Each structure stands twice: as C-alpha cells, then as structure tokens.
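The structure appears below as structure tokens.
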Amino acid sequence: MFSVIIVPDGCRGLEGQYRLEPGHTLRFGRTAPTGTGLALSHPAVACAAGEITATGAFWILTNFSSDQTYLVENPEGAGEHIRVAPGRADAPVPFEFARVRLCAGEAGAGCGFDVLAPRHDYLASADSLVAGARSRAQRAATLRPDAAHGEGNRRADRTEDPSASMTENPAGGGAGDPAEDRTQDWRFDPFPRPYPLDHSCHYFLVLAALCEASLRGDAAAPVPDVVELTERLRPVWPDASPAAVAWNIDYLRLKLRLRAPDAAESVREALVRFALRFDLVQEAHLAVLDGGLAHAGAGRESRAGAAPAY
C-alpha cells in the first residue's frame, strides 16, 4: 500500500503524482533527477533541495539546503506547522495533509508541494491484547521448572484451610489461573484514557456543540456563546438553560484540567482548542446533537453536586 502521496503544484491527475511505499524516497529540487525526482521550477529553490522518505503511517523530511528553512503546514489545523532547519535530517511529519513551503515569503507556483499520508495504523483491540498477555503468561508458567511444585503447595494449603479459597476469590469460584491473576487488575481497561468523557452526559453535548462549526469545516466561525449553545441543544436537551450550560462549561474546564485562559481567550475558546487538538470530539460525534446517540444516562456526571436539570 502507498503510504505517502506527493502532489506537485498544478497537478490535475494521478499521472502527475508521486506515490511512495514504506522505505522509498523521493528527492526534490530545481534539478531533481528526471523520472525519479520532483523538479521544482522556482528560481529560489536549491538545485538539490531535499528528500522525502515514506515510513509507514508518517513520513520524514530531510533539508539539503544550507541556508533555507522549510515550513510544513497542516491545512486542517489553525496555523499548525513545523519548521525544518537547514541541514536537518529525517524530521518526522505527523500531518495527514501537509503543505511544504520551500521559499520564505514566496507563495507562487513551484516553490512548494502537497503531501498526503492516508495510511492509518491502529493497535489491536484491548480484548485481544489481554488474551495475548494471558497466553504468554500461561506459556511462561508451563516452562518454569518450579511452576508445578508451587501450584501443588498452594493446593495443599487450600485443602488445609477451607477458608483460603474464599479469601483468594470472594466470588466463590476458587483460585484462578496465575495468568488470570496477573491480568485481572487491568483487564477492564488496559489503556485508560487521559481524558475520559462519557458521551451520554450533558457536558459532552455542550462540548460537541462548541466544536460543531470547526468540525464542519468553518474554522473561522466564532465560538457560540451560552445563549446560542442553549438554543442549539434544546432539541436534544429540552430542559437546557443558560445556567445549566454555563455550569457544564465550567465542569468541562475542571474535568479536562485546563488552566485559566489568557485574557484574550474565553473558557469556551480554550475548550474548543483543547478538544480539537487532542481529538476529544470528532465529526462522527456530532450525531449526538441530532439525537443520534441515546441519552438515557445523560447527566450522570454533570448532575453531581448540581441541580437535576444540569
């Protein structure tokens, strides 16, 4: 599978694109190798400007220039970018969509190109990871010379003390497998989320409504105020009030451990910036604003220490 796609300025079809498999490289510059490199016509671009290497789910950029700093922008981010200093080798670029600018202060054609990294790799599910850890622990117990002897001693101890099994396993099911014991403490959630959000709570409705405009592609839209949020949420939260919405905004600030925002930035703007930066709210989550998800348990956390309408 191609993990990186380079799109030169003016490219209008697949034939003009460069597609790299993991481990493959593409050199670019004003005199790049014909057929195997990307030639850029802008006079400010160095003859041998740099090199892109595909490395699976991301790509790395090497700057051959001795005096030019390259800028890699994320068109989907609010000014998000990285700088690749002169002579920097193998700078990793994490953006799925990127614009590489090679000439400072120049915006014309030929002084940059676009890079797409559509490949996404994910970990196996938590259940399979736990099962794998359990099977590895079982194999290790089988190979250990003293495993059988130790287990025999434990069985003898349980025979002499009938209450031992109840102490070791309050559920009354007897002593479990050693591998089971080693995984039971983290089997429920081996990868705890740093910012756990319950999507059935009112505070998540408020967070989704705050981020809605940005997620729908209007990054320049102002963040809605409390009154606008109340009106937006009323179809799925009939008891919503400005006071309830304001309380949930303050609760989100505490839950996400946000510091007090700068004077020029409101708490609402800080929440939107934080949620989008860490992918806490995604476009698929906007279904909650149309009643796409059940809210039978809405407000479990947000009602704690507040009025029932919250």
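What you see is a predicted model, and the numbers here were worked out from it, not measured in a lab.
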Taken to the nearest 0.5 Å, the spacing of Asp9 CG from Ser41 OG works out to 8.5 Å

I'd like to know if the side chain of [X] and the backbone of [Y] have a donor-acceptor N/O pair within less than 3.5 Å.
X      : Y      : result
Tyr18  : Val4   : no
Arg99  : Glu73  : no
Glu231 : Glu228 : no

Can you confirm whether [X] sits close enough to [Y] that some side-chain heavy atom of one is under 4.5 Å from a side-chain heavy atom of the other?
X      : Y      : answer
Val72  : Arg101 : no
Leu289 : Leu205 : yes
Ser214 : Leu276 : yes
Leu197 : Leu280 : yes
Leu40  : Leu102 : yes
Ser266 : Val223 : no
Leu26  : Ile6   : yes
Leu20  : Ser3   : no

Taking Glu212 first and then Arg232, would you say they form a salt bridge - that is, a charged N and a carboxylate O separated by under 4.0 Å? yes

Taking 4.0 angstrom as the limit, do Arg27 and Glu51 come out as a salt bridge? yes

Expected list for residues 53-63: side-chain donor-acceptor pairs under 3.5 angstrom, two or more places apart:
unit_1	atom_1	unit_2	atom_2	d
Thr55	OG1	Phe58	O	3.1
Thr62	OG1	Asp90	N	3.1
Thr62	OG1	Asp90	OD1	3.4
Asn63	OD1	Ser65	N	2.8
Asn63	OD1	Tyr70	OH	3.3
Asn63	ND2	Gln68	O	2.7
Asn63	ND2	Val84	O	3.2
Asn63	ND2	Ala85	O	3.2

Under the ring-ring contact (aromatic ring centres under 6.0 Å, His included) test, residues paired with Phe113 that sit two or more places apart: Phe28

Tightest non-hydrogen contact, residues Leu229 and Pro224, listed as CD2-CG, 3.6 Å

Before giving the answer on ring-ring contact (aromatic ring centres under 6.0 Å, His included), spell out for His285 and Phe204 the whole-Å C-alpha distance, their side-chain angles and the decisive distance to 0.1 Å. CA-CA 9 Å; His285 293 143; Phe204 189 80; 5.4 Å; yes

Determine whether Asp250 and Arg268 satisfy the following criterion, salt bridge (Lys or Arg N to Asp or Glu O under 4.0 Å), listing intermediate values before the conclusion. CA-CA 9 Å; Asp250 193 56; Arg268 291 174 288 108; over 6 Å; no

